[in-house]
Trainee: 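Pasting in a structure now, in structure tokens, and then I'll have a few things to ask.
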Amino acid sequence: MLVVHHLNDSRSQRVLWLLEELHVDYEIKKYQRTESHTAPPELKAVHPLGTAPVIVDGDITLAESGAIIQYLLDKYGQGRGQPPQSGKIDDLFSRAFFLRPLLQPLFAQLDGWALAPRFKRHAQFIEAHLAKADGWFAGGDSPTAADYMMQIALDFWAAGRAEELGEHTLVYIQRVHDRCAIEKGGKYSYA
């Protein structure tokens, strides 16, 4: 059986959401952050990076949420989680490239005059994209890899600076949370 090594308040939430959407049987091994908000040393026994998420699927042990999402879609997706043809570029851009400049400063909780213009540009870009998208980042009637990847960054952003996000973005975040599969790993603490 597939095992997800889940760390509270981590990107492993997106992996759990995907597994629930795909209706894949799995086991969760839960870990709690240390007092210094880092992963516990026990995770290094699972994977040398010592971070979460990590999945173990038979003889495959895989870390890094983007790689895990692609692996799970390829192995278990059976065509689900794929963008419509018209959304393939949006899916690729949202999950692979657009997310990087958002995550680093958001998870580091950086702020200040130098980052404010970047956040504003990104918020406007996301808002404009979601205003024309049909429900999900790559369009279509169900989430794709782009949605699984973007969810954590947007949740984090909304928890601390929701006033920077537009109406379509906030509706998108609520749409994600309206799916019962998203809460499998427990509620987030964005502190």
Side-chain angles (χ1 to χ4, degrees), residues 1-22 24-57 60-77 81 94-111 115 119 122 126 137 143-162 165 169 172-191:
M1 173 178 284
L2 186 137
V3 177
V4 178
H5 294 269
H6 170 67
L7 177 63
N8 67 308
D9 301 331
S10 77
R11 295 176 207 161
S12 59
Q13 191 77 25
R14 60 176 57 139
V15 173
L16 298 175
W17 176 28
L18 173 58
L19 287 167
E20 289 294 309
E21 293 280 348
L22 295 177
V24 174
D25 290 331
Y26 63 96
E27 175 187 342
I28 301 176
K29 292 201 175 179
K30 294 185 177 184
Y31 300 83
Q32 294 295 312
R33 291 188 176 279
T34 66
E35 286 185 20
S36 61
H37 300 287
T38 60
E42 295 85 9
L43 272 170
K44 285 188 180 163
V46 179
H47 191 280
L49 290 177
T51 61
V54 174
I55 63 164
V56 177
D57 191 17
I60 294 173
T61 300
L62 188 58
E64 294 299 325
S65 61
I68 292 169
I69 286 172
Q70 191 61 55
Y71 170 82
L72 294 172
L73 286 171
D74 289 348
K75 183 166 183 183
Y76 298 104
S94 296
R95 69 178 160 143
F97 300 104
F98 181 66
L99 192 59
R100 290 189 188 277
L102 285 179
L103 284 179
Q104 204 56 29
L106 284 173
F107 280 100
Q109 296 183 1
L110 295 175
D111 198 1
L115 292 178
F119 281 128
H122 280 81
I126 291 169
F137 265 94
T144 67
D147 299 291
Y148 300 117
M149 294 298 291
M150 290 294 290
Q151 170 260 327
I152 295 289
L154 291 178
D155 275 353
F156 190 86
W157 198 341
R161 301 162 68 132
L165 301 175
T169 306
Y172 169 83
I173 292 167
Q174 187 58 51
R175 181 180 304 111
V176 169
H177 284 275
D178 286 346
R179 297 178 80 86
C180 61
I182 190 67
E183 300 300 336
K184 183 68 175 187
K187 294 281 186 189
Y188 247 69
S189 168
Y190 298 98

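Index from 1, following the sequence.
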Trainee: Of all residues at least two apart in sequence or in a different chain, which pass the side-chain hydrogen bond (donor to acceptor under 3.5 Å, both in side chains) check with Glu27?
Mentor: none
Trainee: Side chain of Asp74, backbone of Tyr71: donor and acceptor closer than 3.5 Å?
Mentor: no
Trainee: Compare all side-chain heavy atoms of Ile126 with those of Phe137 and state whether any distance is below 4.5 angstrom.
Mentor: yes
Trainee: Could you tell me which residues satisfy side-chain hydrogen bond (donor to acceptor under 3.5 Å, both in side chains) with Thr38, sequence neighbours excluded, listed by chain and number?
Mentor: Thr34, Ser36
Trainee: Go through the steps for Val54 and Leu62 under the test side chain to side chain contact (heavy atoms under 4.5 Å, CB included), then give the verdict.
Mentor: CA-CA 6 Å; Val54 174; Leu62 188 58; over 6 Å; no
Trainee: Take Leu2 and Tyr76 through the test side chain to side chain contact (heavy atoms under 4.5 Å, CB included) and record every step on the way to the result.
Mentor: CA-CA 11 Å; Leu2 186 137; Tyr76 298 104; 3.8 Å; yes
Trainee: Can you tell me how far the OG atom of Ser12 sits from the NZ atom of Lys30, to the nearest 0.5 Å?
Mentor: 10.0 Å
Trainee: Can you tell me which residue pairs pass the side-chain hydrogen bond (donor to acceptor under 3.5 Å, both in side chains) test with a partner in residues 43-53, sequence neighbours excluded?
Mentor: none
Trainee: Taking all non-hydrogen atoms of both residues, which atom of Pro53 and which atom of Arg11 are closest, and how far apart?
Mentor: CD-C, 4.0 Å
Trainee: Tell me, with the steps shown, if Tyr148 and Ile68 meet side chain to side chain contact (heavy atoms under 4.5 Å, CB included).
Mentor: CA-CA 11 Å; Tyr148 300 117; Ile68 292 169; over 6 Å; no
Trainee: Please check if the distance between the ring centroids of His6 and Tyr31 is under 6.0 Å.
Mentor: no
Trainee: Side chains of Asp147 and Val176, heavy atoms from C-beta outward: is any pair under 4.5 Å?
Mentor: no
Trainee: Do we see a donor-acceptor contact under 3.5 Å between the side chains of Tyr26 and Asp57?
Mentor: no
Trainee: Distance from Asn8 atom CG to Arg33 atom CZ, nearest 0.5 Å?
Mentor: 6.0 Å
Trainee: Check step by step if side-chain hydrogen bond (donor to acceptor under 3.5 Å, both in side chains) holds for Gln13 and Trp17.
Mentor: CA-CA 6 Å; Gln13 191 77 25; Trp17 176 28; over 6 Å; no
Trainee: Does a side-chain heavy-atom distance below 4.5 Å link Ile55 with His5?
Mentor: no
Trainee: Okay, side chain of Asp25, backbone of Met1: is any donor-acceptor separation there less than 3.5 Å?
Mentor: no
Trainee: If you look at every heavy atom in Met149 and Ile69, which pair is closest and at what distance?
Mentor: SD-CD1, 3.5 Å
Trainee: Might you point out which heavy atoms bring Leu7 and Ala39 nearest each other, and give the distance in Å?
Mentor: CD2-CB, 3.8 Å
Trainee: For Ala158 and Ile173, which heavy atoms make the closest approach, and how far apart are they?
Mentor: CB-CD1, 3.7 Å
Trainee: If I take atom NZ from residue Lys75 and atom CG from residue Leu22, how far apart are they, to the nearest 0.5 angstrom?
Mentor: 12.5 Å
Trainee: Rounded to the nearest 0.5 Å, what separation is found between the CG atom of Leu16 and the CD1 atom of Ile28?
Mentor: 5.0 Å
Trainee: Hey, mind stepping through Leu18 and Leu73 against side chain to side chain contact (heavy atoms under 4.5 Å, CB included) and telling me if it holds?
Mentor: CA-CA 8 Å; Leu18 173 58; Leu73 286 171; 3.8 Å; yes
Trainee: Looking only at atom types and distance, does a side-chain atom of Arg14 sit under 3.5 Å from a main-chain N or O of Gln151, one as donor and one as acceptor?
Mentor: no
